[in-house]
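Okay, so here's the structure we're looking at.
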Amino acid sequence: MCGRYAITLPPEAVRAWFRYPEQPNFPPRYNIAPTQPIPIVCRDDRQIGDPARHFRLVRWGLVPSFVKDWNAFPLLINARAEEIAAKPSFRAAMIRRRCLVIADAYYEWQRIQPRVTGTPFLCRRADGRPMAFAGLHERWMGADGSEMETACIVTTHANGAMSAIHSRMPVILEEQDYETWLDVDRVDVARATALLRPAGDDVLDMFPVAPRVNKVANDDASVQEPVGAAPPRAPIRQTSFDF
């Protein structure tokens, strides 16, 4: 699963990479947790055929539109890739509301024994680029007219490298697949589902970090301090943002 992640790159670098027109000035977040606001990139699902990408801040924890009382509904922070085409909670979003969840690292806990917290690992792209998790988003409306936008992260089976830590991982889309995933008008569910595969073993650097990340209240750079030596992070070259 994916239950904590980070987005610490400068907003302008993120905007240049994902190519949306909005200019949000969001602060670095080192320990994002469920129910908190998260940044996504999506199409406007009310404008059929509009190819523009947009930045949105939404609540992490998908609430399908058919839910009557979102407070009584289970928290859906992840959607299993092998279930989303058929499961009622995700089916409509998979057809019409696919998104990219912006990140630059995520955390996973290696549990050697049941009911033990385990060792937290930070996982980030080895090439230093931003991450784009495959995501689904929904717009929920209450009987009183209130509205809430929510999203979840799609997960898949772990690749060989990640399987030593956890059995699952978020779907990390490559840049050439962003448009295919977002284009709900031209790309059907079967073609989109084909993108939901584990990242290659060489895509991520993974290393243990200090246990401060276990507490949601700890949201600063110290939660990413490695225990032992961490792999050097590749710089993001400006040419990476040329289109």
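Any value given below was found using the heavy atoms of this structure, including those in side chains, with hydrogens, waters and symmetry copies removed.
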request  = May I ask whether L122 and I7 are part of the same hydrophobic cluster, defined by side-chain heavy atoms of I, L, V, M, F, W, Y residues being less than 4.5 angstrom apart, directly or through others?
outcome  = no
message = Checking the side chain of R53 only, and the main-chain atoms of V41 only, is there a donor and an acceptor separated by less than 3.5 Å?
response = no
task = Measure from the side-chain N and O atoms of R139 to the backbone N and O of E147, and report whether any donor-acceptor pair falls under 3.5 Å.
result = no
task = Give the cluster check for V216 versus Y106: same hydrophobic cluster or not, with ILVMFWY residues linked at side-chain heavy-atom distances below 4.5 Å.
result = no
key: Heavy-atom closest pair, residues P39 and Y5   = CD-OH, 4.1 Å
request  = Start with the C-alpha gap between I38 and V58, add the side-chain angles, then the distance that decides, and say whether side-chain contact (heavy atoms from CB on, under 4.5 Å) holds.
outcome  = CA-CA 5 Å; I38 62 172; V58 302; 3.8 Å; yes
inquiry  = Within this structure, what is the CG-CG distance for the pair N78 and L75, rounded to the nearest 0.5 Å?
reply    = 9.5 Å
ask   = So, W60 side chain and I77 main chain: donor-acceptor pair closer than 3.5 Å or not?
value = yes
Side-chain (Q110) to main-chain (A164) donor-acceptor, under 3.5 angstrom = yes
task = Tell me, with the steps shown, if R80 and F90 meet side-chain contact (heavy atoms from CB on, under 4.5 Å).
result = CA-CA 10 Å; R80 297 172 70 94; F90 307 123; over 6 Å; no
query = For the residue pair F207 and R124, what are the closest heavy atoms and their distance?
reply = CE2-CZ, 3.7 Å
key: S163 side, atom OG; M169 side, atom CE - distance, nearest 0.5 Å   = 10.0 Å
note = Result for side-chain contact (heavy atoms from CB on, under 4.5 Å) between L76 and one of L62, I153, T150 points to L62
ask   = Any side-chain heavy-atom pair from V171 and F133 closer than 4.5 angstrom?
value = no
task = Would you name the heavy atoms of W109 and G118 that are closest together and state the gap between them?
result = CD1-O, 3.8 Å
request  = In plain terms, say whether D202 and R125 are close enough for a salt bridge, that is, a side-chain N and a carboxylate O under 4.0 Å apart.
outcome  = no
request  = Let me see the working for E108 and R168 under side-chain contact (heavy atoms from CB on, under 4.5 Å), right down to the final yes or no.
outcome  = CA-CA 9 Å; E108 195 53 82; R168 298 192 68 82; over 6 Å; no
message = According to salt bridge (charged side-chain N to carboxylate O under 4.0 Å, His left out), who are the partners of D220, at least two apart in sequence or on a separate chain?
response = R212
query = With no hydrogens and no angle check, is any side-chain donor or acceptor of R43 less than 3.5 Å from a backbone partner on P51?
reply = yes
query = So do R59 and T35 actually touch side chain to side chain, heavy atoms under 4.5 Å?
reply = yes
key: Minimum heavy-atom distance C99-H137, with the two atoms named   = CB-CD2, 3.7 Å
key: Set of residues satisfying ring-ring contact (aromatic ring centres under 6.0 Å, His included) with respect to F55, sequence neighbours excluded   = Y20, F26
inquiry  = Under 4.5 Å between side-chain heavy atoms, counting indirect links through other Ile/Leu/Val/Met/Phe/Trp/Tyr residues: same cluster for I102 and Y107 or not?
reply    = no
ask   = Closest heavy-atom contact between G160 and D201?
value = N-OD1, 3.0 Å
request  = State whether the side chain of D104 and the backbone N or O of T8 hold a donor-acceptor pair below 3.5 Å, judged by distance alone.
outcome  = yes
key: salt bridge (Lys or Arg N to Asp or Glu O under 4.0 Å) contacts in which one or both residues fall within residues 26-40, not counting sequence neighbours   = R29-D219
inquiry  = Quick check: is L195 connected to L204 through a chain of hydrophobic side chains (ILVMFWY, heavy atoms under 4.5 Å apart)?
reply    = yes
query = Are P120 and N214 close enough that some pair of their side-chain heavy atoms sits under 4.5 Å apart?
reply = yes
query = What residues, two or more places apart in sequence or in another chain, satisfy side-chain hydrogen bond (donor to acceptor under 3.5 Å, both in side chains) together with E149?
reply = none
ask   = Does W70 use its side chain to pair, donor to acceptor, with the backbone of W140 at less than 3.5 Å?
value = no
message = If the condition is salt bridge (charged side-chain N to carboxylate O under 4.0 Å, His left out), which residues does R97 pass it with, not counting sequence neighbours?
response = D45, E138
ask   = Among all residues two or more places apart in sequence or in another chain, which pass the salt bridge (charged side-chain N to carboxylate O under 4.0 Å, His left out) test with K87?
value = E83
request  = Please state whether the rings of F18 and Y178 are parallel, tilted or perpendicular, taking 30° and 60° as the class boundaries.
outcome  = parallel
request  = Return the minimal non-hydrogen interatomic distance between V213 and V209, and the atom names on each side.
outcome  = CG1-CG2, 4.2 Å
request  = Please report the C-alpha distance between E174 and V203 in whole Å, then the side-chain angles of each, then the deciding distance to 0.1 Å, and finally whether the side-chain contact (heavy atoms from CB on, under 4.5 Å) criterion is met.
outcome  = CA-CA 10 Å; E174 293 298 329; V203 170; 4.1 Å; yes
request  = Mind checking the CZ-CD1 spacing from R91 to I84? Nearest 0.5 Å is all I need.
outcome  = 12.0 Å
ask   = Do the side chains of V223 and L9 join up, straight or via other hydrophobic residues, at under 4.5 Å, putting them in one cluster?
value = no
Test item: L196 and T156 side chains (from C-beta on) under 4.5 Å apart, heavy atoms = no
